[in-house]
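Here the structure is a predicted model, which is why all the values come from computation and not from measurement.
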Amino acid sequence: MTGKTHIMGGIASTVAISHFYTYEPVMFIIAGAIGGIIPDICHGGSKIGRKFPLISRVVNTIFGHRTFTHSLLFLVLMNLVLSLFINNQSIITGLLVGMVSHFVLDAATKKGIKLLYPLQFTIRFPLSIKTGGQMETLILLALTLVTIYYGRLVVL
Ligand SMILES: [Zn+2]
């Protein structure tokens with residue numbers, strides 16, 4: 001999926017969760033948007049890869065694309081690292097939720113993800129789509145609608 005869809009995925013999932021849990025909504029949703037693009041640090045051409053080219057190159061050289069940074073192991077490690085540096089549960093949970101939304105969206109693409117890394121088993125939904133194709137535009141639209149629907153409930 002493209003960076004735009006991942007940002008929207010992070011926003012939509014945190015906005016929806018804000019409706020059910022009492023996180024600080026602004027922090028939580030911004031963290032969700034950022035978390036939505038963090039896993040693609042493994043890809044130099046991604047939004048976050050272009051921001052941090054050196055880290056991106058190192059991660060890509062060691063792990064390759066869509067392996068470690070798209071895994072449950074990465075989530076667990078990120079949770080540990082973030083908890084050391086950030087003293088705000090809304091931000092930490094928002095970042096993690098954004099990353100999970102990223103995994104779900106990438107699992108809907110043909111390439112799938114290595115969710116169980118270091119096991120080399122590819123996780124992919126039975127119906128997969130092409131990154132940047134028309135189906136992705138529809139998904140982006142659906143995520144926007146979810147954001148508007150739950151966002152309206154969060155604001156009210
Ligand atoms: Zn990705």
Side-chain angles (χ1 to χ4, degrees), residues 1-125 128-129 131-132 136 139-140 142-144 146-147 150-151 154:
M1 299 276 175
T2 63
K4 208 170 25 175
T5 307
H6 281 306
I7 290 172
M8 209 58 217
I11 292 174
S13 42
T14 43
V15 166
I17 291 172
S18 291
H19 180 57
F20 301 101
Y21 295 93
T22 53
Y23 293 111
E24 299 160 46
V26 176
M27 299 274 214
F28 187 57
I29 294 163
I30 292 173
I34 296 169
I37 54 170
I38 287 178
D40 276 346
I41 189 73
C42 63
H43 178 29
S46 69
K47 272 194 196 319
I48 189 152
R50 289 195 302 266
K51 277 244 159 18
F52 303 100
L54 196 67
I55 302 176
S56 174
R57 181 162 298 186
V58 171
V59 172
N60 187 282
T61 306
I62 299 175
F63 301 108
H65 184 36
R66 285 199 189 169
T67 60
F68 170 59
T69 59
H70 290 62
S71 71
L72 293 174
L73 176 65
F74 182 70
L75 272 189
V76 172
L77 291 176
M78 282 302 277
N79 187 24
L80 288 175
V81 172
L82 292 170
S83 306
L84 289 178
F85 296 104
I86 302 173
N87 191 15
N88 180 315
Q89 203 50 52
S90 294
I91 296 178
I92 296 174
T93 310
L95 287 168
L96 294 174
V97 166
M99 288 184 238
V100 171
S101 76
H102 186 112
F103 295 175
V104 172
L105 286 168
D106 272 0
T109 63
K110 287 195 166 49
K111 192 170 190 289
I113 57 169
K114 301 277 190 271
L115 187 66
L116 304 177
Y117 184 88
L119 297 180
Q120 290 299 318
F121 185 71
T122 299
I123 303 282
R124 182 177 40 220
F125 292 132
S128 54
I129 67 157
T131 295
E136 180 165 345
I139 289 174
L140 184 60
L143 291 170
T144 307
V146 167
T147 303
Y150 283 109
V154 170

J.: Verify, without hydrogens or angle tests, whether Ser56 (side chain) and Phe52 (backbone) share a donor-acceptor contact under 3.5 angstrom.
T.: no
J.: How far apart are the closest heavy atoms of Gly49 and Ser46, and which atoms are they?
T.: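 Nearest pair, atom of Gly49 first, then Ser46: N-OG, 3.0 Å.
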J.: For residues 21-33, dump all side-chain donor-acceptor pairs below 3.5 Å to protein atoms at least two apart in sequence or in another chain.
T.:
{"unit_1": "Glu24", "atom_1": "OE2", "unit_2": "Asn88", "atom_2": "ND2", "d": "3.4"}

J.: Within the 3.5 Å criterion, strictly below it, is a donor on Asp40 or His70 matched to an acceptor on the partner's side chain?
T.: yes
J.: Let me have the donor-acceptor pairs involving side chains of residues 118-125, under 3.5 Å, with sequence neighbours excluded, atom names and distances please.
T.:
{"unit_1": "Thr122", "atom_1": "OG1", "unit_2": "Lys114", "atom_2": "NZ", "d": "2.7"}
{"unit_1": "Arg124", "atom_1": "NH1", "unit_2": "Lys110", "atom_2": "O", "d": "2.7"}

J.: Hey, is NZ on Lys111 packed in by over 12 heavy atoms from elsewhere, all under 6.0 Å?
T.: yes
J.: Using the side chain to side chain contact (heavy atoms under 4.5 Å, CB included) definition, which of the options Met8, His102, His6 pairs with Met1?
T.: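 Of Met8, His102, His6, side chain to side chain contact (heavy atoms under 4.5 Å, CB included) with Met1 is met by His6 alone.
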J.: Do Arg66 and Thr109 have side chains that approach each other closer than 4.5 Å (heavy atoms only, starting at C-beta)?
T.: yes
J.: When you compare the side chain of Val15 with that of His19, does any pair of heavy atoms fall below 4.5 Å?
T.: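 Not touching, per the 4.5 Å side-chain cut-off.
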J.: Which distance, rounded to the nearest 0.5 Å, do you find between the OH of Tyr150 and the OG of Ser18?
T.: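 Answer rounded to 0.5 Å: 11.5 Å.
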J.: Which value, rounded to the nearest 0.5 Å, describes the distance between Phe63 atom CZ and Phe74 atom CZ?
T.: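 Reported value, rounded in 0.5 Å steps: 9.5 Å.
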J.: Atom OG in Ser90, atom CG in Leu95: separation rounded to 0.5 Å?
T.: 11.0 Å
J.: I need the minimum non-hydrogen distance between Gly3 and Lys47, along with the two atoms involved.
T.: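 Shortest heavy-atom contact: C-CE, 4.0 Å.
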J.: Rounded to the nearest 0.5 Å, what separation is found between the CG atom of Leu96 and the OG atom of Ser83?
T.: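 Leu96 atom CG to Ser83 atom OG measures 7.5 Å (nearest 0.5 Å).
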J.: Quick one, Leu75 and Phe103 - any side-chain contact, counting heavy atoms below 4.5 Å?
T.: yes
J.: Could you grab the distance from atom OG of Ser71 to atom CG of Leu77, nearest 0.5 Å is fine?
T.: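 Answer rounded to 0.5 Å: 7.5 Å.
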J.: Over all heavy atoms of both residues, which pair between Leu105 and Gly9 is shortest? Give the atoms and the distance, please.
T.: CD1-CA, 4.1 Å
J.: Side chain to side chain donor-acceptor pair (under 3.5 Å), that's the test. Do Thr5 and Thr2 meet it? Break it down for me.
T.: CA-CA 5 Å; Thr5 307; Thr2 63; 3.2 Å; yes
J.: Using a cut-off of 6.0 Å, state whether more than 12 heavy atoms not belonging to Leu54 lie near its atom CG.
T.: no
J.: Out of curiosity, Ile37 CD1 to Met99 CE, how far, rounded to the nearest 0.5 Å?
T.: 11.0 Å
J.: Quick one: closest heavy-atom pair of Asp106 and Ile113, and the distance?
T.: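 Shortest heavy-atom contact: CB-CG2, 3.4 Å.
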